[in-house]
Asker: 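This is the structure I want to talk about, given as structure tokens.
Both ligands and their constituent atoms are indexed starting at 1 by order of listing.
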Amino acid sequence: MSIQRSAVIGSGLMGAGIAEVLAKAGQDVIVSEVSAEASAAGRDRIEKSLAKAVAKGKLSADDRDQAWSRLRFTTDTGDLADRQLVIEAASENEDIKKSIFAELDSVVTDSDAILASNTSSMPIIRFAQATSRPDRVLGVHFFNPAPVQPLVEIVSSVVTADAVRQTMTDFVAEVLGKTPIQAGDRPGFIVNALLIPYLCSAIRMLESGFATKEDIDAGMVGGCAHPMGPIALADLVGLDTCLFAAESMYAETGDPAVKPPVLLSRMVDAGLLGVKSGRGFYDH
Ligand code: CAA
């Protein structure tokens, strides 16, 4: 199966980045959003990131124009009927995601199409079960910023067809030029199973007054050669996304390491979501 027509549901931080990656790889991409305002914000995000790629010398102006011309924006899911691949990157809410998968199931006509979720930590099988084709549903998890980070987790549920897993793995490696790794449908897959306990632990350290955010971050940058420290990384990922991931992993595992720190919940209650809202633990 040669995938040429793809779509992304949602154009927030991750959806916009994934749409950009697909368009740069030559895909005909539709970006679907819930409202004209959300769609305009998504367009703006992609346009700015493409401009940054050109400014950083990662993309020629011609390639930017080509990529931009391959993107279409819609607020009507019905426009996705002819898609061969749809990647859902809506907000981390299980009910919203399930209803999106049910809708995609009724809209996407090609029975060979692949329906994927970019969820950070939710069980893929629950989205698969919202469709009449659970074997064609899997997780395709990108990392923020998607145009920069090379990794993609391919997450097979217990019923994902092996041919679907293989098609996506080849697509990610050969068409998108990224590095696929295979993960089981367990809480947090591979990366977030390790990352979320780390971020929660850093926030608890800050909450306890044990160290400043600057020193926690400097510790991991200077001591362990991470490109950024955990508090800055939580801001980059989005504090709402960190909270949803921790909540969903805690609900399934009861592991105290992913019990959401109260400070994280309070930041989200306050609308302080990190880079995406202009203020989180740091000002952006
Ligand atoms: N398009 C293409 N390339 C871009 C770009 C864009 N829009 N923006 C930046 N780049 C390139 C730059 O050209 C640069 O490349 P070189 O290293 O070859 O010069 C590189 O990306 C770094 O960019 P910057 O110089 O602008 O920024 P930086 O050096 O401060 O790095 C960062 C920023 C990439 C975010 C880096 O700090 C980093 O990698 N941080 C860690 C991010 C991380 O861990 N992400 C995973 C989060 S977890 C997640 O997403 C999953 C989840 O489910 C929670």
Asker: Just need the protein heavy atom nearest to atom 36 (C) of ligand 1, so name the residue and atom and give the distance.
Answerer: Pro227 CB, 4.1 Å
Asker: Run the numbers for me: atoms of ligand 1, each under 4.0 Å from some heavy atom of Ser120, listed by number.
Answerer: 52 (C), 53 (O)
Asker: For ligand 1, find out whether one of its N or O atoms is nearer than 3.5 Å to an N or O atom of Lys24.
Answerer: no
Asker: So that I can tick it off, tell me whether Asp28 and Arg83 are bridged by a salt bridge, with the cut-off set at under 4.0 angstrom between side-chain N and carboxylate O.
Answerer: yes
Asker: Do Lys213's NZ or CZ and the ring of Tyr282 fall within the cation-pi criteria of under 6.0 Å and 45°?
Answerer: yes
Asker: Ser132 and Asp105: side-chain donor and acceptor closer than 3.5 Å?
Answerer: yes
Asker: For ligand 1, note which part of Val237 has a heavy atom under 4.0 Å away: side chain, backbone, both or neither.
Answerer: side chain
Asker: For Ala53, take its heavy atoms, then give the atoms of ligand 1 lying under 4.0 Å from any of them.
Answerer: 1 (N), 2 (C)
Asker: Counting non-hydrogen protein atoms only, what is the nearest one to atom 7 (N) of ligand 1? Give residue, atom name and distance.
Answerer: Ser49 OG, 3.0 Å
Asker: For atom 49 (C) of ligand 1, state whether the nearest protein heavy atom is under 4.0 Å away.
Answerer: yes
Asker: Side chains of Asn144 and Met14: closer than 4.5 Å at any heavy-atom pair?
Answerer: yes
Asker: Could you identify the single nearest non-hydrogen protein atom to atom 8 (N) of ligand 1 and state the distance to 0.1 Å?
Answerer: Lys52 CE, 3.6 Å
Asker: Any donor-acceptor pair under 3.5 Å linking the side-chain atoms of Ser2 with those of Gln4?
Answerer: yes
Asker: Heavy-atom count check: over 12 atoms from other residues, nucleotides or ligands less than 6.0 Å from Lys98 NZ?
Answerer: yes
Asker: Determine, using heavy atoms of His141 and all atoms of ligand 1, whether some pair is separated by less than 4.0 Å.
Answerer: yes
Asker: Using a 4.0 Å cut-off to any heavy atom of Val148, which atoms of ligand 1 qualify?
Answerer: 3 (N), 4 (C), 5 (C), 8 (N), 9 (C), 10 (N), 21 (O), 34 (C)
Asker: Strictly by modelled atom types, are Gln27 and Arg5 linked by a side-chain donor-acceptor pair under 3.5 Å?
Answerer: no
Asker: Return yes if a side-chain donor-acceptor contact under 3.5 Å exists between Thr169 and Gln182, otherwise no.
Answerer: yes
Asker: Could you check which of Lys56, Lys58, Gln149 puts a non-hydrogen atom nearest to atom 19 (O) of ligand 1?
Answerer: Lys58
Asker: Atoms of ligand 1 less than 4.0 Å from Asn144 heavy atoms?
Answerer: 42 (C), 43 (C), 45 (N), 46 (C), 47 (C), 49 (C), 50 (O)
Asker: Under 4.0 Å from a heavy atom of Leu195: give me the atoms of ligand 1 that qualify, with their elements.
Answerer: 48 (S)
Asker: Thr241 near ligand 1, heavy-atom distance under 4.0 Å?
Answerer: no
Asker: To the nearest 0.1 Å, how far is atom 44 (O) of ligand 1 from its closest protein heavy atom, and which atom is that?
Answerer: Leu233 CD1, 3.5 Å
Asker: Among protein heavy atoms, which sits nearest to atom 37 (O) of ligand 1, and what does the distance come to when rounded to 0.1 Å?
Answerer: Met228 SD, 3.6 Å
Asker: For atom 52 (C) of ligand 1, which protein heavy atom lies nearest, and how many Å away is it?
Answerer: Asn192 ND2, 3.4 Å
Asker: So with a 6.0 Å cut-off around CZ of Arg279, is the heavy-atom count from everything else above 12?
Answerer: no
Asker: Under a 4.0 Å heavy-atom limit, does Leu59 contact ligand 1 with its side chain, its backbone, both, or neither?
Answerer: neither
Asker: In sequence, state the C-alpha distance, the side-chain angles, and the governing distance for Thr119 and Phe244, and then conclude on side chain to side chain contact (heavy atoms under 4.5 Å, CB included).
Answerer: CA-CA 10 Å; Thr119 182; Phe244 297 148; over 6 Å; no
Asker: How many angstroms lie between atom CE of Met205 and atom CG of Asp215, to the nearest 0.5 angstrom?
Answerer: 11.0 Å
Asker: Students often mix this up, so state it plainly: with edges at 30° and 60°, are the rings of Phe127 and Phe101 parallel, tilted or perpendicular?
Answerer: parallel
Asker: By number and element, which atoms of ligand 1 are closer than 4.0 Å to a non-hydrogen atom of Phe143?
Answerer: 48 (S), 49 (C), 50 (O), 51 (C)
